[in-house]
Amino acid sequence: QVQLVESGGGLVQAGGSLRLSCAASGRTFSSYAMGWFRQAPGKEREFVGATWSGGRTYFPDSVKGRFTLSRDNAKNTVYLQMSSLKPEDTAVYYCAATIFRAYYGGTDYADPSRYLYWGQGTQVTVSS
């Protein structure tokens, strides 16, 4: 069982930056692929980015070039650095974890059904 706790959300002006953290319990954090998703009111959950073995990352076009992912396996933490934020980035952001599988690629990790564990979410609000 893995427990995930997100932090770092808040209110930021358009064009600003924010870093979200996701702290995971468990001793096998390095073996997990970590993803971030977001959900705005009245909208479906949307993939934001994922990172897995070897520091590989995958982002959708909507955030590519603005968001980056990193992880510190010693701290069991993954970070989502968000820059050039837009009002449309406003949402609750969730981190998720799943077992790394060598035959998965970015599009697999973009699928929320692949994930086993989810955090409670953190609110990000971008004002115009």
Euclidean distance, [Y] [atom2] relative to [X] [atom1], rounded to 0.5 Å:
X     : Y      : atom1 : atom2 : answer
Asn73 : Met34  : CG    : CE    : 10.0 Å
Leu85 : Thr90  : CG    : OG1   : 8.5 Å
Leu80 : Thr122 : CG    : OG1   : 11.0 Å

- Message: Holding to side chain to side chain donor-acceptor pair (under 3.5 Å), I want the full list of residues that pass it with Ser127, two or more places apart in sequence or in another chain.
- Response: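 Once residues adjacent in sequence are excluded, Ser127 has no partner under the side chain to side chain donor-acceptor pair (under 3.5 Å) criterion.
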
- Message: According to side chain to side chain donor-acceptor pair (under 3.5 Å), who are the partners of Gln120, at least two apart in sequence or on a separate chain?
- Response: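 If we apply the side chain to side chain donor-acceptor pair (under 3.5 Å) test to Gln120, skipping adjacent residues, there are no hits.
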
- Query: side chain to side chain contact (heavy atoms under 4.5 Å, CB included) between Thr98 and Tyr117: does it pass, once the steps are laid out?
  - Reply: CA-CA 7 Å; Thr98 191; Tyr117 307 104; over 6 Å; no

- Item | Worked check of side chain to side chain contact (heavy atoms under 4.5 Å, CB included) between Phe100 and Ser31 | CA-CA 6 Å; Phe100 164 71; Ser31 67; 5.7 Å; no

- Query: Taking only residues two or more places apart in sequence, or in another chain, which ones meet Phe37 in a ring pair (Phe, Tyr, Trp, His ring centres under 6.0 Å)?
  - Reply: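 In terms of ring pair (Phe, Tyr, Trp, His ring centres under 6.0 Å), with neighbours along the sequence ignored, Phe37 is linked to Phe47, Tyr115, Trp118.
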
- Message: The criterion is ring pair (Phe, Tyr, Trp, His ring centres under 6.0 Å); which residues satisfy it with Tyr109, sequence neighbours excluded?
- Response: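 Only Trp52, Tyr104 meet the ring pair (Phe, Tyr, Trp, His ring centres under 6.0 Å) criterion with Tyr109.
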
- Task: Applying side chain to side chain contact (heavy atoms under 4.5 Å, CB included), name anything that partners Ser70, two or more places apart in sequence or on another chain.
- Result: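 With neighbours one apart ignored, the set is Tyr79.
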
- Can you list the residues that meet the side chain to side chain contact (heavy atoms under 4.5 Å, CB included) rule with Ser62, with sequence neighbours excluded?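 Partners of Ser62 by the side chain to side chain contact (heavy atoms under 4.5 Å, CB included) criterion, ordered by chain and then number, come out as Arg38, Glu46, Pro60.
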
- Query: So Ile99 and Leu116, side chain to side chain contact (heavy atoms under 4.5 Å, CB included) or not? Walk me through it.
  - Reply: CA-CA 8 Å; Ile99 296 172; Leu116 302 173; 4.0 Å; yes

- Verify same cluster id: Val78, Phe67 (apolar side-chain graph, 4.5 Å):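 Yes; Phe67 is reachable from Val78 via cluster members.
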
- Decide whether Phe59 and Val126 are clustered together by the hydrophobic rule: side chain heavy atoms of Ile, Leu, Val, Met, Phe, Trp, Tyr closer than 4.5 Å, transitively.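 Both belong to a single hydrophobic cluster.
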
- Message: So does Cys95 get a backbone contact from the side chain of Glu6, meaning a donor-acceptor N/O pair under 3.5 Å?
- Response: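 The answer is yes, because a donor-acceptor pair under 3.5 Å joins these two groups.
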
Output side-chain donor-acceptor pairs under 3.5 Å for residues 13-25, partner residues at least two apart or in another chain, one line each.
from: Ser25; atom 1: OG; to: Gln3; atom 2: N; distance (Å): 2.8

Can you confirm whether [X] sits close enough to [Y] that some side-chain heavy atom of one is under 4.5 Å from a side-chain heavy atom of the other?
X      : Y     : value
Tyr94  : Leu4  : no
Trp36  : Thr51 : no
Val48  : Tyr93 : yes
Met82  : Val12 : no
Gln123 : Leu11 : no

- Name all pairs fulfilling the salt bridge (charged side-chain N to carboxylate O under 4.0 Å, His left out) condition that reach into residues 93-104, sequence neighbours left out, sorted by first residue then second.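 Of all non-adjacent pairs touching residues 93-104, none passes salt bridge (charged side-chain N to carboxylate O under 4.0 Å, His left out).
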
- Message: Suppose the criterion is salt bridge (charged side-chain N to carboxylate O under 4.0 Å, His left out): which pairs have a residue in residues 114-128, not counting sequence neighbours?
- Response: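 For residues 114-128: Asp108-Arg114, Asp111-Arg114.
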
- Is the closest basic N to carboxylate O distance between Lys64 and Asp61 below 4.0 Å?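 Here Lys64 pairs with Asp61 in a salt bridge, since their nearest N and O are under 4.0 Å apart.
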
Restricting to salt bridge (Lys or Arg N to Asp or Glu O under 4.0 Å), what partner residues turn up for [X], sequence neighbours left out?
X     : result
Lys75 : none
Asp72 : none
Glu88 : none

- Axial cation check for Phe29 ring with Arg71, 6.0 Å and 45° limits: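 Ring-cation test returns yes.
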
